[in-house]
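For reference, the structure is listed below as structure tokens.
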Amino acid sequence: MEGGSTNEKIRAYLENQGPSTCENCGGDIQIESCKLEEIEGEKLYMMEDVPGLVCQECGEMWIPEPFIKEFEKMMVSAKKRHSRKKRNQ
């Protein structure tokens with residue numbers, strides 16, 4: 001997978017290597033842009049336009065691991081910035 005953005009590379013991988021049927025219900029799977037959200041306390045962490053596999057029958061969603069890891073890093077970074085701002089006030 002040479003050239004292109006990370007999203008394009010992951011979409012190409014999912015098209016060629018991802019499952020075609022849902023492991024949960026057997027429904028058809030499509031690649032869609034997804035949104036990752038996590039709420040901790042009063043804070044909402046969100047990442048949009050993440051390519052993922054979504055079952056058209058049951059709605060089960062699979063997000064590639066690189067995006068999950070990036071989302072987790074983003075949350076840690078945001079928590080650190082928020083903590084520094086609180087200490088400086």
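Numbers for residues simply follow the sequence, beginning at 1.
- No more than 12 heavy atoms of other residues, nucleotides or ligands shown are found within 6.0 angstrom of NZ on K43.
- Here the side chains of N24 and C55 are not in contact, with every heavy-atom distance at 4.5 Å or above.
- Under the side-chain contact (heavy atoms from CB on, under 4.5 Å) test applied with L53, the options C22, P64, P19, S20 reduce to a single match, P19.
- Remark: D28 pairs with no residue by the side-chain contact (heavy atoms from CB on, under 4.5 Å) rule, at least two apart or across chains.
- Between Y45 and F71, the shortest heavy-atom distance links the atoms O-CZ, 3.6 Å.
- Test V54, D49, V50 against S33 for side-chain contact (heavy atoms from CB on, under 4.5 Å) and you get one pass: D49.
- Under a hydrophobic-cluster definition in which Ile, Leu, Val, Met, Phe, Trp and Tyr are linked whenever side-chain heavy atoms come within less than 4.5 Å, directly or via other members, I68 and M47 are assigned to the same cluster.
- Between G27 and E57, the closest heavy-atom pair is CA-CG, 3.4 Å.
- Contact between M74 and M46 at its shortest, heavy atoms only, is CE-O, 3.8 Å.
- Nearest approach of F67 to L36, heavy atoms of both residues: O-CD1, 4.1 Å.
- Taking the side chain as every heavy atom from C-beta outward, P66 and E70 never approach each other to under 4.5 Å.
- Residue E65 places its CD atom among 12 or fewer non-hydrogen atoms of other residues, nucleotides or ligands, all under 6.0 Å distant.
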